[in-house]
Undergrad: 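What follows is a structure written as structure tokens; I'll ask about it next.
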Amino acid sequence: MRIAVRTTVLLLSVATVLGLPAPLGAADQPQWGQAWSRNLVSDETGLPDSFEPPTFDSDTGDMVPGTGKNVRWAVRLGSVSYGTPIIAGGKVLVGTNNGYPRDARHQGDRGVLMCFGEADGRFLWQLLCPKLRRDPYLDWTNIGICSPPSVQGDRLYVVGNRAEVLCLDLDGQADGNDGPYADEGRHMVRAGREPMKVLKTDADIIWTFDMMASVGSRQHDGCHCSVLVHGPFVYANTSNGVSNTHLGLAPDAPSLVVLDKTSGRLAATDDEGLAERIIHSMWSSCAAGKANGRELIVFGGGDAIVYAFDPIRGTSADGRPTKLRAAWRFDCDPRAPKKNIMKWQDNRHEGPSTIIGMPVFHQGRVYVTAGGDPWHGKREAWLKCIDASGSGDITGTGQVWSYDLSRHSLSTPAISDGLVYAADSSGQIHCVDARTGKPHWVHKLAAGIWSSPLVADGKVYIGSIKGDFYVLAAGKQKRVISQARLPGAMWASPTAANGRLYVVSRRHLFALERMDK
């Protein structure tokens, strides 16, 4: 994580020169999870054990000064927010909708990526994307931009609500339009409308890649992908899924695209044909790691199969896209039907499975949750540990252990100090031994869980879809440290960076800091 390392060194140097106390564990969090493993663990220390949400002004939506415990600042987002916050270069980035417009010129439903100043929550700029209105199942009402961005240097990469992979300038239009893309005014309006004047508070687009137009994918409900930046390329899933009748498919579309991070040119796609086995859609993301010295890109498919690919090292001689080569495949549910998938879609006992959370690469193993999703497929679900050193079909040989979850899971696991923390949608968080898969404890939250746990500073942070935010002690003994009620559901995962904890509820972003020390 080069950005994090540079930031830590710089802050430590400044503190030394000025005679200030060095910040504890100060580092940016430029993508969701550790690079490149995607492990949801942070080295931050001194994080709050508890907090109380502040009061918000009913007219302006601003935080009322002096309210809230351990809240450094808080801002209102849209009316629905699924985006996990990302912190880099003094900025906080989060996906939401346009429920409370920051720009009065833009009224109505939009996908929005907002950028705030890390120090004080001051609004800096936003990316606004009109909806795909021809079919609500392509871009579901009010869900906004769900994908967390990934930042490298002064560039950020994000999958928007319109199946676009976008590269943006981290500074927005504040330093002018960097190009080569110079049509931001047209991008922020629906096709056929007059382009809008580009303001300093608008995003600066470097390039875009339209997955539906370029590779024939068809997203379902919306896109969710945390782009993996790896070498000179970015890896993104296409969110390819079923049609608006939930019966048709886009069988020839790839599940993964690999793009040149400088130009956005298509460099490679997968060739696994898994679209015919998708029960709903694909919302997982890629991770990377090494096993026996071999570098791998791992991806959780919408068919409940974990795919490990050899990363591409360059472009083809003729400039045409290449095909990713699978090093191994592991089927998390080999007994599930793989043909005539639509006939099994609503069978909650024998139906297919999927993978929604990210696979996590850790010490030569891959940890992943798999099972049915909240709407389709079987209700069974598992936390799996896979030996990543094999080749070919490793379904029969690669499983180290399997742990039964109570219900389907949308969460990414976190691995720390020999323990795995994983949540399921029934509202339970599980602590399991990373070596054996044996449980140490299970804790039931007051409502279901869609977010993923974060392990940091000896604590496990997790929220529920009813807005209950829990802080538990990390370790083999279960201990609840605190519980708070947020003003709205929590679908996004918490993030730690530079001595603060960032939490997103339905309408708000909170920057939490220990202010009671």
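For reference, positions follow the sequence shown, starting with 1. As the structure is a prediction and not an experimental result, all values here were calculated from the model.
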Undergrad: Please enumerate all residues that pass ring pair (Phe, Tyr, Trp, His ring centres under 6.0 Å) together with W207, with sequence neighbours excluded.
TA: none
Undergrad: Can you give each donor-acceptor pair under 3.5 Å made by side-chain atoms of residues 188-202, sequence neighbours left out, with the distance rounded to 0.1 Å?
TA:
residue, atom, partner, partner atom, Å
D202, OD2, L199, N, 2.7

Undergrad: To the nearest 0.5 Å, what is the distance between OG (S37) and NZ (K290)?
TA: 13.5 Å
Undergrad: Looking at T84 and P148, what are the two nearest heavy atoms and their distance?
TA: O-CB, 3.5 Å
Undergrad: Does F51 form a ring pair (Phe, Tyr, Trp, His ring centres under 6.0 Å) with F469? I'd like the steps, not just the answer.
TA: CA-CA 9 Å; F51 85 103; F469 185 72; 5.7 Å; yes
Undergrad: Side chains of H508 and P487, heavy atoms from C-beta outward: is any pair under 4.5 Å?
TA: yes
Undergrad: Any sub-3.5 Å donor-acceptor pair from S284's side-chain atoms to G301's backbone N or O?
TA: no
Undergrad: Atom CG in D62, atom OG1 in T55: separation rounded to 0.5 Å?
TA: 13.0 Å
Undergrad: What's the verdict on side chain to side chain contact (heavy atoms under 4.5 Å, CB included) for E272 and L324, showing C-alpha distance, side-chain angles and the deciding distance?
TA: CA-CA 9 Å; E272 296 302 309; L324 288 168; over 6 Å; no
Undergrad: Count the heavy atoms belonging to other residues, nucleotides or ligands that lie under 6.0 Å from CZ of R325, then report whether that count exceeds 12.
TA: no
Undergrad: Determine, step by step, whether M63 and V71 satisfy the side chain to side chain contact (heavy atoms under 4.5 Å, CB included) criterion, reporting the C-alpha distance in whole Å, the side-chain angles of both residues, the deciding distance to 0.1 Å, and the verdict.
TA: CA-CA 10 Å; M63 172 180 164; V71 181; 4.0 Å; yes
Undergrad: Looking at CG of N98 and CD of Q126, how far apart are the two atoms once the value is rounded to the nearest 0.5 Å?
TA: 7.0 Å
Undergrad: Pick from L156, D204, L93, I205: which one makes a side-chain contact (heavy atoms from CB on, under 4.5 Å) with L127?
TA: I205
Undergrad: Under 3.5 Å, is there a donor-acceptor pair between the side chain of S42 and the main chain of V455?
TA: no
Undergrad: Side chains of Y461 and P453: does their closest heavy-atom pair fall under 4.5 Å?
TA: no
Undergrad: List the residues meeting ring pair (Phe, Tyr, Trp, His ring centres under 6.0 Å) with H280, not counting sequence neighbours, and say none if there are none.
TA: H220, H246, W283, W375, H376
Undergrad: Evaluate side chain to side chain donor-acceptor pair (under 3.5 Å) for S217 paired with T238, printing each intermediate quantity in order.
TA: CA-CA 6 Å; S217 62; T238 60; 4.7 Å; no
Undergrad: Side chains of P85 and L509: closer than 4.5 Å at any heavy-atom pair?
TA: yes
Undergrad: State whether the side chain of T67 and the backbone N or O of V64 hold a donor-acceptor pair below 3.5 Å, judged by distance alone.
TA: yes
Undergrad: For G264 versus L259, what's the shortest heavy-atom pair and its separation?
TA: O-CD2, 3.9 Å
Undergrad: For the residue pair G463 and M490, what are the closest heavy atoms and their distance?
TA: CA-SD, 3.4 Å
Undergrad: Report yes if some heavy atom in the side chain of Y82 is under 4.5 Å from a heavy atom in the side chain of H224; otherwise report no.
TA: no
Undergrad: Under a 4.5 Å cut-off applied to non-hydrogen side-chain atoms, are I449 and S425 in contact?
TA: no
Undergrad: So does R72 get a backbone contact from the side chain of R500, meaning a donor-acceptor N/O pair under 3.5 Å?
TA: no
Undergrad: Just to verify, what does K69 make a side-chain contact (heavy atoms from CB on, under 4.5 Å) with, not counting sequence neighbours?
TA: S50, E52, D516
Undergrad: Return yes if some donor-acceptor pair links the side-chain N/O of W73 with the main-chain N/O of L512 below 3.5 Å, else return no.
TA: no
Undergrad: State, to 0.1 Å, how close T412 and S452 come at their nearest heavy-atom pair, and which atoms those are.
TA: N-OG, 2.8 Å
Undergrad: For F116 and V75: C-alpha separation, side-chain torsions, deciding distance, then whether side chain to side chain contact (heavy atoms under 4.5 Å, CB included) applies.
TA: CA-CA 9 Å; F116 300 94; V75 293; 3.8 Å; yes
Undergrad: Is it the case that the side chain of K459 and the backbone of D457 share a donor-acceptor pair, with hydrogens and angles ignored and the cut-off at 3.5 Å?
TA: yes
Undergrad: Side-chain donor-acceptor pair under 3.5 Å between S226 and R38, yes or no?
TA: yes
Undergrad: With R102 as the cation and F123 as the aromatic partner, state whether NZ or CZ is under 6.0 Å from the six-membered ring centre and within 45° of the axis.
TA: yes
Undergrad: Could you report the tightest heavy-atom contact between G89 and L170, atom names first, then the distance?
TA: CA-CD2, 4.3 Å
Undergrad: What residues, two or more places apart in sequence or in another chain, satisfy side-chain hydrogen bond (donor to acceptor under 3.5 Å, both in side chains) together with K323?
TA: T269
Undergrad: Taking distance alone, no hydrogens or angles, what donor-acceptor pairs closer than 3.5 Å link side-chain atoms of residues 157-169 to residues at least two apart or in another chain?
TA:
residue, atom, partner, partner atom, Å
Y157, OH, K261, O, 3.2
N161, ND2, P130, O, 3.3
N161, ND2, D139, OD2, 2.9
R162, NH2, H187, O, 3.2
R162, NH2, H187, NE2, 3.1
E164, OE1, H187, NE2, 3.1
E164, OE2, H187, NE2, 3.1
D169, OD1, D171, N, 3.0

Undergrad: Using atom types as modelled and distance alone, determine if a side-chain donor or acceptor of Q219 lies under 3.5 Å from a backbone N or O of L138.
TA: yes
Undergrad: Looking only at heavy atoms, which two atoms of I87 and A497 are closest? And how far apart?
TA: CB-CB, 3.8 Å
Undergrad: Consider only side-chain N and O atoms of E118 and N498, and report whether a donor and an acceptor are under 3.5 Å apart.
TA: yes
Undergrad: Should P180 and I206 count as side-chain neighbours, where that means a heavy-atom distance under 4.5 Å?
TA: yes
Undergrad: Which value, rounded to the nearest 0.5 Å, describes the distance between I465 atom CD1 and S451 atom OG?
TA: 10.0 Å
Undergrad: Assess the side chains of D303 and Y307: does a donor N or O sit below 3.5 Å from an acceptor N or O?
TA: yes
Undergrad: Could you go through the side chain to side chain donor-acceptor pair (under 3.5 Å) check for S79 and N97 one step at a time?
TA: CA-CA 7 Å; S79 59; N97 70 7; 3.0 Å; yes
Undergrad: Could you give the distance from CD1 (I415) to NE2 (H362), rounded to the nearest 0.5 Å?
TA: 6.0 Å
Undergrad: Let's go through Y235 and V257 carefully: what are the C-alpha distance in whole Å and the side-chain angles of both, what is the deciding distance for side chain to side chain contact (heavy atoms under 4.5 Å, CB included) to 0.1 Å, and is it a yes or a no?
TA: CA-CA 6 Å; Y235 292 72; V257 295; over 6 Å; no
Undergrad: Quick one about E184 and N177 (side-chain donor to acceptor, distance below 3.5 Å, no hydrogens or angles considered), yes or no?
TA: yes
Undergrad: Measure the shortest side-chain to side-chain distance between L296 and F309 over non-hydrogen atoms and say whether it is less than 4.5 angstrom.
TA: no
Undergrad: Mind checking the CG-CD spacing from L454 to Q29? Nearest 0.5 Å is all I need.
TA: 8.0 Å
Undergrad: Report yes if the side chains of P494 and L501 come closer than 4.5 Å at any heavy-atom pair, otherwise no.
TA: yes
Undergrad: Do N237 and S255 have a side chain donor and acceptor closer than 3.5 Å?
TA: no
Undergrad: Salt-bridge test for E295 and R313: reply yes if a basic N is under 4.0 Å from a carboxylate O, no otherwise.
TA: yes
